[in-house]
A.B. asks: 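Mind looking over this structure? Questions follow.
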Amino acid sequence: MANDASTVFDLVILGGGSGGYAAALRASQLGLDVALIEKNKLGGTCLHNGCIPTKALLHAGEIADQAREADQFGVKATFEGIDIKGVHKYKDDVIAGLYKGLQGLVASRKVTYIEGEGRLSSPTSVDVNGQRVQGRHVLLATGSVPKSLPGLEIDGNRIISSDHALVLDRVPESAIILGGGVIGVEFASAWKSFGTDVTVVEGLKHLVPVEDENSSKLLERAFRKRGIKFNLGTFFDKAEYTENGVRVTLADGKTFDAEVLLVAIGRGPVSQGLGYEEQGVAMDRGYVLVDEYMQTNVPTISAVGDLVPTLQLAHVGFAEGILVAERLAGLKTVPIDYDGVPRVTYCHPEVASVGITEAKAKEVYGADKVVALKYNLAGNGKSKILKTAGEIKLVQVKDGAVVGVHMVGDRMGEQVGEAQLVYNWEALPAEVAQLIHAHPTQNEALGEAHLALAGKPLHSHD
């Protein structure tokens, strides 16, 4: 293995997804000499196979629904169907524009970008393209891939992953989606808007099971209204080909038939065969273990993003990458409060939250110390105009700060920014209540909810 000993980078990053490129940009900004290694495309899962393309599909679905429902707004329109090639062109154009911009950004920051499959070869080096890239510190950011279950082979034909679903050359007539988490309900929502007959199979007792139970129930009610079917509380047993599609059998013997089966049970870390364990990096079930500053048990190695057992969100990867860069540059860093990270599921209606659930709050503070308030969007003028239904739920420590904000309704993802400030600044309901929110906006609903929690409701009943 050739080694250019004259070049020793301050930071060598293996993986150019959200966590990796964020670390590269911030580290270079702080004067560090950075090498960034990526085997596929800069931007990783989020840009090419995750956040951006799925949200493009969901927006195309929203346009389809608006065309179908234009009549109720007094607008004459006809819905002629989905041009899937046109949808993919729109999606791919969005990705291409962002990809070009990101490439330019990395180049402008003087980051040494190396395209190739890298492997950790020592606590301070990565081998790639027959060369050894040396660094004073190495950051592992190799991301994740779609997971499956034992005995369930994703073949890319009738049994597909989210990667396959994003490039499917047709709108399936019917689909079973295995998994009712974020990925599963987003595809269920988009495909339903495109005209697919959708059934979601979730082994736990609710859709989006990590969210507050009230949010899950509201989403389930909305999905029923949209005609999205789901089966909860029974686990998957097997899948087999039929003459025209796939049959899924559950543990209780119940069966479902459809044209395709989308396996959406989550994503697993990319860590096998990359030299991590050989260099003594502590692992658990494929994840790299880190401390609160993203440092592994090997002092010269850190890890971020989907590779570590934290929230699998692009913005979490950004934050973790920035934290590592700033720590290595000698800046004072603060560990991430993962409860304080905003979370959004971009189905129709959207589910957005920050902080902890009511159940968790009761577990932490005691049931008698927790207050919960629900504000129905029916009292919000802009939500009425948009014809969206849902609620904002606040979870408060009695006589103290708001520790959870849970929202369901169209465009609630756009409201989670203020909710994040409420939680992270440990705001009291009365402090938020005195802020004036613009009327008519959906953001106003967040203010109204805090008015009610502060004991002075305006457009809601006591």
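Start at 1 with the first residue, then count along the sequence.
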A.B. asks: Do S302 and T296 come close enough that some side-chain heavy atom pair is under 4.5 Å?
C.D. replies: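 S302 vs T296: side chains apart.
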A.B. asks: Find out whether L261 and V248 are in side-chain contact, i.e. whether some heavy atom of one side chain is under 4.5 Å from a heavy atom of the other.
C.D. replies: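 Heavy-atom side-chain distance check passes, below 4.5 Å.
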A.B. asks: Are the side chains of L152 and L178 in contact, using a 4.5 Å heavy-atom criterion?
C.D. replies: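 Side chain of L178 against side chain of L152, heavy atoms only: contact under 4.5 Å found.
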A.B. asks: Which atom names give the shortest non-hydrogen contact between V344 and G413, and what distance separates them?
C.D. replies: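 Looks like CG1-CA, 3.8 Å.
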A.B. asks: Would the distance check show the side chain of T388 and the main-chain N or O of D410 forming a donor-acceptor pair, the cut-off being under 3.5 Å?
C.D. replies: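 Yes, the answer is positive, given that a donor and an acceptor are paired below the 3.5 Å cut-off.
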A.B. asks: As a quick check of understanding, evaluate side-chain contact (heavy atoms from CB on, under 4.5 Å) for V308 and L289, giving each step before the final call.
C.D. replies: CA-CA 6 Å; V308 301; L289 300 179; over 6 Å; no
A.B. asks: Establish, for the pair K393 and Y375, whether the NZ or CZ atom is under 6.0 angstrom from the six-membered ring centre and no further than 45 degrees off its axis.
C.D. replies: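 No.
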A.B. asks: Could D92 and K89 be called an ion pair, given the rule that one side-chain N must be under 4.0 Å from one carboxylate O?
C.D. replies: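 Salt bridge: no.
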A.B. asks: Going by the side-chain contact (heavy atoms from CB on, under 4.5 Å) test, name the single residue among L394, N214, V395 that passes it with E358.
C.D. replies: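 Among the candidates, only V395 passes.
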A.B. asks: Hey, are the side chains of L57 and F187 touching, using non-hydrogen atoms and a 4.5 Å cut-off?
C.D. replies: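 Yes, side chains in contact.
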A.B. asks: Donor-acceptor pair, distance only, cut-off 3.5 Å: does the side chain of H164 make one with the backbone of S161?
C.D. replies: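 Yes, H164 side chain to S161 backbone: donor-acceptor pair under 3.5 Å.
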A.B. asks: Decide if atom CG of D71 counts as having more than 12 heavy atoms of other residues, nucleotides or ligands within a radius under 6.0 Å.
C.D. replies: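 No, CG of D71 has 12 or fewer neighbouring heavy atoms, counting only those of other groups under 6.0 Å.
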A.B. asks: Can you give me the closest heavy-atom contact between A303 and V288, atom names plus distance?
C.D. replies: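 Closest heavy-atom pair between A303 and V288: CB-CG1, 3.6 Å.
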A.B. asks: How would you list, by chain and number, every residue that makes a salt bridge (charged side-chain N to carboxylate O under 4.0 Å, His left out) with R247, sequence neighbours excluded?
C.D. replies: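 Residues passing salt bridge (charged side-chain N to carboxylate O under 4.0 Å, His left out) with R247: D257.
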A.B. asks: Is any side-chain heavy atom of V402 closer than 4.5 Å to a side-chain heavy atom of Y423?
C.D. replies: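 V402 does not reach Y423 side chain to side chain.
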A.B. asks: Verify, without hydrogens or angle tests, whether E259 (side chain) and G245 (backbone) share a donor-acceptor contact under 3.5 angstrom.
C.D. replies: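 No.
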A.B. asks: Determine whether E391 and V408 make a side-chain contact, defined as any pair of heavy atoms from C-beta on separated by less than 4.5 Å.
C.D. replies: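 Answer no - side chains too far apart.
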A.B. asks: Is any side-chain heavy atom of L218 closer than 4.5 Å to one of H406?
C.D. replies: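 With C-beta onward as the side chain, the pair stays apart.
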A.B. asks: Applying side-chain contact (heavy atoms from CB on, under 4.5 Å), name anything that partners T441, two or more places apart in sequence or on another chain.
C.D. replies: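 Checked T441 against side-chain contact (heavy atoms from CB on, under 4.5 Å); matches are A438, N443, E444.
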A.B. asks: Indicate whether any N or O donor in one side chain lies under 3.5 Å from an N or O acceptor in the other, for T249 and D237.
C.D. replies: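 D237 and T249 do not have a side-chain donor-acceptor pair below 3.5 Å.
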A.B. asks: Report the residue from E418, E448, H450, Q442 that forms a side-chain hydrogen bond (donor to acceptor under 3.5 Å, both in side chains) with H437.
C.D. replies: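 Of the listed options, the one satisfying the test is E418.
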A.B. asks: Write down the atom of H88, the atom of K91, and the distance for their closest heavy-atom approach.
C.D. replies: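 Distance-wise, the nearest heavy atoms are ND1-CE, 3.1 Å.
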A.B. asks: Out of L166, L47, T45, D163, which residue meets the side-chain contact (heavy atoms from CB on, under 4.5 Å) rule with P53?
C.D. replies: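 In the set L166, L47, T45, D163, the residue that makes a side-chain contact (heavy atoms from CB on, under 4.5 Å) with P53 is L166.
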A.B. asks: Count the heavy atoms belonging to other residues, nucleotides or ligands that lie under 6.0 Å from CD of E153, then report whether that count exceeds 12.
C.D. replies: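 Open: at most 12 neighbouring heavy atoms sit under 6.0 Å from CD of E153.
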A.B. asks: Please report the C-alpha distance between K362 and D368 in whole Å, then the side-chain angles of each, then the deciding distance to 0.1 Å, and finally whether the salt bridge (charged side-chain N to carboxylate O under 4.0 Å, His left out) criterion is met.
C.D. replies: CA-CA 8 Å; K362 287 178 176 177; D368 59 332; over 6 Å; no
A.B. asks: Can E211 and S353 be said to form a side chain to side chain donor-acceptor pair (under 3.5 Å), step by step?
C.D. replies: CA-CA 8 Å; E211 295 291 343; S353 63; 2.7 Å; yes
A.B. asks: Answer yes or no: is there a donor N or O on one side and an acceptor on the other, between the side chain of H348 and the main chain of E186, under 3.5 Å?
C.D. replies: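 A pair under 3.5 Å: no.
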A.B. asks: In terms of side-chain geometry, is the basic nitrogen of K332 or E326 positioned less than 4.0 Å from the acidic oxygen of its partner?
C.D. replies: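 No, no charged N to carboxylate O under 4.0 Å.
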A.B. asks: Stepwise, does the side-chain contact (heavy atoms from CB on, under 4.5 Å) test hold for I52 with V94?
C.D. replies: CA-CA 8 Å; I52 299 303; V94 171; 3.7 Å; yes
A.B. asks: Taking only Lys NZ, Arg NE, NH1 and NH2, and the carboxylate oxygens of Asp or Glu, determine whether R411 and E414 approach each other closer than 4.0 Å.
C.D. replies: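 Looking at R411 and E414, the cut-off is not met.
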A.B. asks: Evaluate the criterion side chain to side chain donor-acceptor pair (under 3.5 Å) for residue pair E240 and T242; output intermediate values, then yes/no.
C.D. replies: CA-CA 7 Å; E240 55 199 332; T242 60; over 6 Å; no
A.B. asks: Can T357 and D212 be counted as having a side-chain donor-acceptor contact under 3.5 angstrom?
C.D. replies: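 The criterion, which ignores hydrogens and geometry beyond distance, is not satisfied for D212 and T357.
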A.B. asks: Can you tell me which residue among I159, V201, V263 is in a side-chain contact (heavy atoms from CB on, under 4.5 Å) with I176?
C.D. replies: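 When I159, V201, V263 are each tested with I176, the side-chain contact (heavy atoms from CB on, under 4.5 Å) holds only for V201.
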A.B. asks: Measure the acute angle between the ring planes of F223 and F230, then classify it against the limits of 30° and 60° as parallel, tilted or perpendicular.
C.D. replies: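 Because their plane-to-plane angle lies in the 30° to 60° range, the rings of F223 and F230 count as tilted.
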A.B. asks: Closer than 4.0 angstrom, basic N to acidic O: yes or no for E220 and K205?
C.D. replies: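 Looking at K205 together with E220, the answer is no, because their closest N to O distance does not fall below 4.0 Å.
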A.B. asks: From M294 CE over to L139 CG, what is the distance, rounded to the nearest 0.5 angstrom?
C.D. replies: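 Separation between the atoms: 9.0 Å.
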A.B. asks: For residues 316-325, which residue pairs qualify under side-chain hydrogen bond (donor to acceptor under 3.5 Å, both in side chains), counting only residues two or more places apart or in two chains?
C.D. replies: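 Every side-chain hydrogen bond (donor to acceptor under 3.5 Å, both in side chains) pair that includes a residue of residues 316-325, provided the two are not neighbours, is T310-E320, E320-Y338.
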A.B. asks: Return yes if some donor-acceptor pair links the side-chain N/O of R226 with the main-chain N/O of S189 below 3.5 Å, else return no.
C.D. replies: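 Yes, R226 side chain to S189 backbone: donor-acceptor pair under 3.5 Å.
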A.B. asks: Please check this pair: side chain of R267 against backbone of S144, looking for a donor-acceptor N/O pair closer than 3.5 Å.
C.D. replies: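 Side chain of R267 to backbone of S144, a donor-acceptor pair under 3.5 Å: yes, one is there.
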A.B. asks: Taking the six-membered ring of F79 (Phe, Tyr or Trp), confirm whether the NZ or CZ of R68 is under 6.0 Å from its centre and within 45° of its axis.
C.D. replies: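 Yes, R68 and F79 form such a contact.
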A.B. asks: Do you know the tightest heavy-atom contact between P172 and T196?
C.D. replies: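 What the structure gives for the nearest pair is O-OG1, 2.7 Å.
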A.B. asks: Of the non-hydrogen atoms in A188 and V198, which two are nearest, and what is the gap between them?
C.D. replies: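 Heavy atoms only, the tightest pair is CB-CG1, 3.8 Å.
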A.B. asks: Under a 4.5 Å cut-off applied to non-hydrogen side-chain atoms, are Y287 and S271 in contact?
C.D. replies: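 They are not in side-chain contact.
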A.B. asks: Does T234 use its side chain to pair, donor to acceptor, with the backbone of L250 at less than 3.5 Å?
C.D. replies: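 No; judged by distance alone, with no hydrogens or angles, the pair does not exist.
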A.B. asks: State whether D197 and K229 are salt-bridged, where the test is any N-O pair (Lys NZ or Arg NE/NH1/NH2 against Asp/Glu carboxylate O) under 4.0 Å.
C.D. replies: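 Yes, D197 and K229 are salt-bridged.
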A.B. asks: Is it the case that the side chain of E431 and the backbone of L428 share a donor-acceptor pair, with hydrogens and angles ignored and the cut-off at 3.5 Å?
C.D. replies: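 Yes: the side chain of E431 pairs with the backbone of L428.
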A.B. asks: Consider only side-chain N and O atoms of Y276 and T142, and report whether a donor and an acceptor are under 3.5 Å apart.
C.D. replies: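 Yes, a side-chain donor-acceptor pair sits under 3.5 Å.
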A.B. asks: Would you please say whether a donor-acceptor pair under 3.5 Å links the side chains of S215 and E213?
C.D. replies: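 On atom types as modelled, these side chains do not qualify, holding no pair under 3.5 Å.
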A.B. asks: Is there a side chain to side chain donor-acceptor pair (under 3.5 Å) between Y241 and D155 once you walk through the steps?
C.D. replies: CA-CA 11 Å; Y241 273 25; D155 58 22; 2.4 Å; yes
A.B. asks: So L204 and F235, side-chain contact (heavy atoms from CB on, under 4.5 Å) or not? Walk me through it.
C.D. replies: CA-CA 8 Å; L204 300 178; F235 287 99; 4.0 Å; yes
A.B. asks: Between Q396 and G400, is there a donor-acceptor pair closer than 3.5 Å when you use the side chain of the first and the backbone of the second?
C.D. replies: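 Confirmed, Q396 side chain pairs with G400 backbone.
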A.B. asks: Please check if the number of heavy atoms outside Q29 that lie under 6.0 Å from its CD is greater than 12.
C.D. replies: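 Check passes, neighbour count above 12.
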A.B. asks: Indicate yes or no: does K85 engage D169 in a salt bridge with an N to O separation below 4.0 Å.
C.D. replies: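 Looking at K85 and D169, the cut-off is not met.
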A.B. asks: Take F194 and V87, measure what side-chain contact (heavy atoms from CB on, under 4.5 Å) needs, and give me the verdict at the end.
C.D. replies: CA-CA 10 Å; F194 289 170; V87 170; 4.2 Å; yes
A.B. asks: What closest approach, in Å, do P335 and L323 show between heavy atoms, and which atom pair accounts for it?
C.D. replies: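 It is CA-CD1, 4.2 Å.
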